[in-house]
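Below is one structure, written out as structure tokens; the observations come after it.
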Number of protein chains: 2
Amino acid sequence: MTEPSDQAFADQTQDLLQRLRDAGHRLTTPRRAVIEALLILDTHPTADDLVANVASHYPEIHRSTIYRTLDALSEAGLVSHVHLGHGSAVYHLAGSHDHLHIVCSSCDRVAHADLGVLDDAKRKIQQRTGFEINPGHFAIPAICADCLESSSPGAC
Amino acid sequence: MTEPSDQAFADQTQDLLQRLRDAGHRLTTPRRAVIEALLILDTHPTADDLVANVASHYPEIHRSTIYRTLDALSEAGLVSHVHLGHGSAVYHLAGSHDHLHIVCSSCDRVAHADLGVLDDAKRKIQQRTGFEINPGHFAIPAICADCLESSSPGAC
DNA sequence: GCGCTCCTGCGACCATGTCGCAGGAGCGCA
DNA sequence: TGCGCTCCTGCGACATGGTCGCAGGAGCGC
């Protein structure tokens with residue numbers, strides 16, 4: 001319980017709580033719990049994953065509170081969410097995962113790529129449409145190499 | 001009822017129905033209705049738009065039938081759907097709209113761009129991750145020029 | 001320690017989509 | 001033309017992911 005990693009974990013938690021406070025929000029148990037869960041689940045938890053993780057430690061925390069907490073954290077700029085094609089969004093700490101998410105439509109595996117790969121597209125889209133794309137904020141559906149080999153390309 | 005555009009409309013409907021048949025499916029009223037609705041709503045109808053449009057002409061056609069019909073049409077390669085960030089997918093006839101969809105997260109306006117703008121990204125992503133992205137199949141969230149000017153850039 | 005105000009738990013609600021069932025209709029075949 | 005197999009449909013229940021309104025409780029500034 002007093003290992004360096006736990007210390008780092010506690011530090012990160014404190015830092016995030018402080019930033020949440022600085023943004024004008026109160027510090028409460030559910031918010032602590034959601035931040036802890038986000039730090040523990042450092043992959044790409046869906047809202048549902050977060051609900052499950054929080055519930056395992058704090059069964060009294062309600063689902064809707066977690067959604068509201070995620071809203072508050074988003075508003076404070078501490079958390080952002082990414083829509084993976086079909087259905088649920090995944091959440092992660094802002095800054096810690098600023099990269100592009102590429103999801104295999106077939107097996108749901110997620111790859112990451114540097115946001116730089118979209119620089120060219122970003123420039124062209126801005127020139128042609130005036131829209132400024134938001135590359136960290138969405139996932140690109142794709143087919144991973146394994147699924148590409150094992151399945152017929154016609155399946156979409 | 002006999003104008004050239006109506007003739008073209010009927011021709012397209014017949015063509016699509018024939019292709020559906022060739023793919024081994026039966027021709028039924030609901031399928032005709034969904035195809036007509038897709039031709040009429042040539043923007044980007046959500047499933048709900050389609051349900052509403054079909055219901056206005058054929059009130060007896062059930063919601064779930066429309067979803068199943070869209071499945072059948074997808075399977076036959078006549079229709080594809082695009083996930084716009086939050087929530088619902090939009091459907092359109094395959095081939096007729098092979099372009100990239102860029103959606104303003106703020107005002108929901110949709111811009112189109114040639115798929116070519118992603119060629120560079122596509123190549124880089126394939127090199128680095130082995131994933132083959134599927135550019136026509138998803139929408140990119142963005143901020144349109146108007147919303148970019150009128151709102152603070154911090155809002156995400 | 002007080003009290004304002006925000007936050008929480010609860011449960012109902014909504015939207016989008018899926019499923020299983022029983023009956024009806026399309027279409028291949030004779 | 002008519003028969004019959006099999007697919008398709010209408011229906012309603014269900015699943016999932018998320019939101020909302022309410023009344024009570026807790027954080028935090030003073």
Side-chain angles (χ1 to χ4, degrees), chain A residues 14 17-35 37 44-55 57-76 78-91 105 108 139, chain B residues 14 17-35 37 44-55 57-76 78-91 105 108 139:
Chain A
Q14 283 312 312
L17 287 169
Q18 189 55 49
R19 284 160 66 193
L20 188 58
R21 236 178 90 111
D22 291 347
H25 296 277
R26 294 182 182 168
L27 305 190
T28 64
T29 307
R31 293 178 174 187
R32 248 174 262 270
V34 169
I35 286 175
H44 297 84
T46 62
D48 206 53
D49 292 335
L50 286 168
V51 169
N53 185 279
V54 168
H57 296 92
Y58 307 85
E60 74 281 7
I61 293 179
H62 197 266
R63 208 165 60 96
S64 67
T65 301
I66 294 176
Y67 282 108
R68 282 189 282 223
T69 299
L70 288 169
D71 267 2
L73 291 169
S74 301
E75 202 185 307
L78 303 182
V79 159
S80 55
H81 63 281
V82 175
H83 293 282
L84 305 180
H86 59 297
S88 57
V90 301
Y91 294 82
S105 314
D108 282 344
Chain B
Q14 283 311 312
L17 286 169
Q18 190 54 49
R19 285 160 65 192
L20 187 58
R21 237 179 89 111
D22 292 347
H25 297 275
R26 293 181 183 169
L27 305 189
T28 64
T29 307
R31 293 177 175 189
R32 248 173 262 269
V34 170
I35 286 175
H44 297 84
T46 62
D48 204 54
D49 292 335
L50 287 168
V51 168
N53 185 278
V54 168
H57 296 93
Y58 307 86
E60 74 280 7
I61 294 180
H62 196 266
R63 209 164 58 93
S64 66
T65 301
I66 294 176
Y67 282 107
R68 283 189 280 224
T69 299
L70 287 169
D71 267 1
L73 292 169
S74 300
E75 200 185 309
L78 303 181
V79 159
S80 55
H81 62 282
V82 174
H83 294 282
L84 305 180
H86 59 298
S88 56
V90 302
Y91 294 81
S105 314
D108 283 343

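Since the model is a prediction, treat every value here as computed from it, not as a measurement. Residue numbers begin at 1 in each chain, while the letters A, B, ... track the order of the sequences. Any value given below was found using the heavy atoms of this structure, including those in side chains, with hydrogens, waters and symmetry copies removed.
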Nucleotide [N], atom [atom2] - distance to [atom1] of [X] in whole Å:
| X | N | atom1 | atom2 | value |
| --- | --- | --- | --- | --- |
| B:R32 | C:dA25 | CZ | C1' | 12 Å |
| B:L70 | D:dC8 | CG | P | 14 Å |
| B:H81 | C:dG17 | NE2 | C1' | 11 Å |
| A:L50 | D:dG18 | CG | C1' | 14 Å |
| B:D48 | C:dC14 | CG | P | 14 Å |
| B:D49 | C:dT16 | CG | P | 9 Å |

Practice prompt. Go through C:dC7, D:dC28, D:dC8 for me and flag the one nearest to the B:R31 side chain.
Written response: D:dC8
Worksheet item: So which nucleotide from D:dG18, C:dC27, C:dC7 ends up closest to the side chain of A:R26?
Response: C:dC7
Worksheet item: Starting at the 5' end of DNA chain C, which residue's closest nucleotide do you reach first, A:P30 or B:L27?
Response: A:P30
Looking at every non-hydrogen atom in both residues, tell me the closest pair between [X] and [Y] and how far apart they are.
| X | Y | value |
| --- | --- | --- |
| B:V51 | B:I66 | CA-CD1, 3.6 Å |
| A:T65 | A:P30 | CG2-CB, 3.7 Å |
| B:A33 | B:I61 | CB-CD1, 3.8 Å |
| B:Y91 | B:V79 | CD2-CG1, 4.0 Å |

Practice prompt. Give the intermediate values and the outcome of side chain to side chain contact (heavy atoms under 4.5 Å, CB included) for residues B:R32 and B:L17.
Written response: CA-CA 7 Å; B:R32 248 173 262 269; B:L17 286 169; 3.6 Å; yes
Practice prompt. Name the nucleic acid region contacted by B:A47, choosing base, sugar-phosphate or nothing; use a 4.0 angstrom heavy-atom cut-off, strictly under.
Written response: sugar-phosphate
Check: [Y] main-chain N/O paired with [X] side-chain donor or acceptor under 3.5 Å:
| X | Y | answer |
| --- | --- | --- |
| A:D49 | A:T46 | yes |
| A:D71 | A:R68 | no |
| B:S74 | B:L70 | yes |

Fill in: Members of residues 59-69 of chain A that approach DNA chain D, where some heavy atom sits under 4.0 Å away
A:R63, A:S64, A:Y67, A:R68
Side-chain donor-acceptor pairs of residues 18-27 of chain B under 3.5 Å, sequence neighbours excluded:
residue	atom	partner	partner atom	Å
B:Q18	NE2	B:D22	OD1	3.1
B:R19	NH1	B:D15	OD2	3.4

Item to complete: Can you run through DNA chain D from 5' to 3' and write each base as (, ), [, ], | or . depending on how it pairs? Watson-Crick or G-U wobble, both distances under 3.5 Å.
Response: ||||||||||||||||||||||||||||||
Worksheet item: Under 4.0 Å: is that the gap between some side-chain N or O of A:H25 and OP1 or OP2 of C:dC6?
Response: no
